[in-house]
Every structure is written in C-alpha cells, then in structure tokens.
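Heads up, the thing below is written out as structure tokens.
So you know, we letter chains A, B, ... as the sequences are listed, proteins then strands, and number each from 1.
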Amino acid sequence: MAHWLYKSEPSSWSWDEQVACGEKGTQWTGVRNHSAKLNLMAMKKGERGFFYHSNQGKEIVGIVEVVKEYYPDPTDPSGRFGMVDLKAVEPLKTPVTLDDVKAEPKLAAMILINNSRLSVQPVTDEEYALIRKMGGLK
DNA sequence: GCCAACGTTGGC
DNA sequence: GCCAACGTTGGC
C-alpha cells in the first residue's frame, strides 16, 4: 500500500482542525500543482499518510487516511485540478520535526527535504514505518 | 523579513 | 514553443 505526506500551514489549515472534522473527513482543496495532482490521482481509499505542519512547527504531527478518492476541486475556477477527502486517524505521540528527518540518514532521500515546495508527496513503506516509530507509534 | 527554488504566465 | 518576468512557497 502506498503512503503519502500532506503539507499544510497551520495558520490556514491545522491538524487540530482536521481532527475536529472527525470520521467523515474533509476536502483537501487548493492543490494547484501538477506533480501534487498526479499524487492525488494515484491515491486509493484507505491509504494513509502523514500530516505535516509547514512554516510553524515544521513537524509531522499525525496520521491521515484517504476517505474519498480523487474528484474535481470545486474551489478551482479552471477545473483542471482535483482533490481527495482526508480524515485524521491518530496523532503522533511525539511530533517528528524536519530537523529529526534531516538527522536520520535513512530519510535523506525524502522529498520533504529535497523538494520542500511540493505539497503532496509519496512516502516509501520504509520511510513510513520509520517515521511512525520515531513518532512513538507501533 | 529575506531569499532561493520552482511553477505559471504571457509576449514574441 | 521558447523564455523572461513574476508570484508563491517555505526554510532560515
């Protein structure tokens, strides 16, 4: 199963707001980048990923799950882009910061480090398992 | 607050 | 279809 990483500035959409949406989840609107779009299109219902706070915190704070697969984003006037629905699954016991990721040689290939501007990124199974562990989850 | 990286736009 | 200008993102 594939894994993902979603970035959001807490000032516009935070983990706490995601949690407050509960089981039904929320629309991940606003992606206007073709690389990110391709990742969104590849997602399957039930796949999990990380929720990352950019700018403020710069840390991975929780696990989210795809509850609805790719469909058009109503907030995009051009109609070219789409989105998925995500719900919060569980928070990390300990947030994993960008510094933590950089300090771990096994995570040196992560897009988070190498292409920091991509807002929706794939994460390998190995990276996913390791970051979960670093965050205090099984 | 600055600036580098990168995507998008628009003139040609 | 190329490329310079511009806007946005995000780490520092």
What N/O pairs connect the protein and nucleotides 9-12 of chain C at under 3.5 Å? Give each pair on its own line.
| from | atom 1 | to | atom 2 | distance (Å) |
| --- | --- | --- | --- | --- |
| C:dT9 | O4' | A:R117 | NH2 | 3.3 |
| C:dT9 | O2 | A:R117 | NE | 3.0 |
| C:dG10 | OP1 | A:K7 | NZ | 3.2 |
| C:dG11 | OP1 | A:Y52 | OH | 3.1 |
| C:dG11 | OP2 | A:N55 | N | 3.2 |
| C:dG11 | N7 | A:N55 | OD1 | 3.3 |
| C:dC12 | OP1 | A:K102 | NZ | 2.3 |
| C:dC12 | OP2 | A:K102 | NZ | 3.3 |

Taking atom types as modelled, is there a side-chain donor on A:T75 or A:R32 under 3.5 Å from an acceptor on the other?
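The criterion, which ignores hydrogens and geometry beyond distance, is satisfied for A:R32 and A:T75.
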Which pairs count as ring pair (Phe, Tyr, Trp, His ring centres under 6.0 Å) when at least one residue sits in residues 79-110 of chain A, sequence neighbours excluded?
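Of all non-adjacent pairs touching residues 79-110 of chain A, those that pass ring pair (Phe, Tyr, Trp, His ring centres under 6.0 Å) are A:H34-A:F81.
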Enumerate the residue pairs fulfilling ring pair (Phe, Tyr, Trp, His ring centres under 6.0 Å) with a member in residues 89-127 of chain A, sequence neighbours excluded, ordered by first and then second residue.
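Those involving residues 89-127 of chain A do not exist here.
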Separation of A:N114 atom CG from B:dA5 atom P, in whole Å?
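Rounding to the nearest Å, CG of A:N114 and P of B:dA5 are 13 Å apart.
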Hey, could you give me each pair passing side-chain hydrogen bond (donor to acceptor under 3.5 Å, both in side chains) that has a residue in residues 56-68 of chain A? Not counting sequence neighbours.
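For residues 56-68 of chain A: A:R48-A:E65.
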Sequence neighbours excluded, which residues qualify as side-chain contact (heavy atoms from CB on, under 4.5 Å) partners of A:P122?
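Expected list: A:W4, A:N39, A:I111.
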Any residue meeting side-chain contact (heavy atoms from CB on, under 4.5 Å) with A:S35, in chain and number order, not counting sequence neighbours:
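With sequence neighbours excluded, A:S35 shows a side-chain contact (heavy atoms from CB on, under 4.5 Å) to A:N33, A:L118, given in chain and number order.
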I need the residues from residues 27-41 of chain A with at least one non-hydrogen atom less than 4.0 Å from DNA chain B; give them sorted by number, or say none.
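Hits under 4.0 Å, by residue number: A:R32, A:N33, A:H34.
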Can you list every salt bridge (charged side-chain N to carboxylate O under 4.0 Å, His left out) pair that touches residues 81-96 of chain A, not counting sequence neighbours?
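Salt bridge (charged side-chain N to carboxylate O under 4.0 Å, His left out) check on residues 81-96 of chain A returns A:E23-A:K87, A:E90-A:R132.
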Go through the structure and list residues passing side-chain hydrogen bond (donor to acceptor under 3.5 Å, both in side chains) with A:E69, not counting sequence neighbours.
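Scan of A:E69 (side-chain hydrogen bond (donor to acceptor under 3.5 Å, both in side chains), adjacent residues dropped) gives none.
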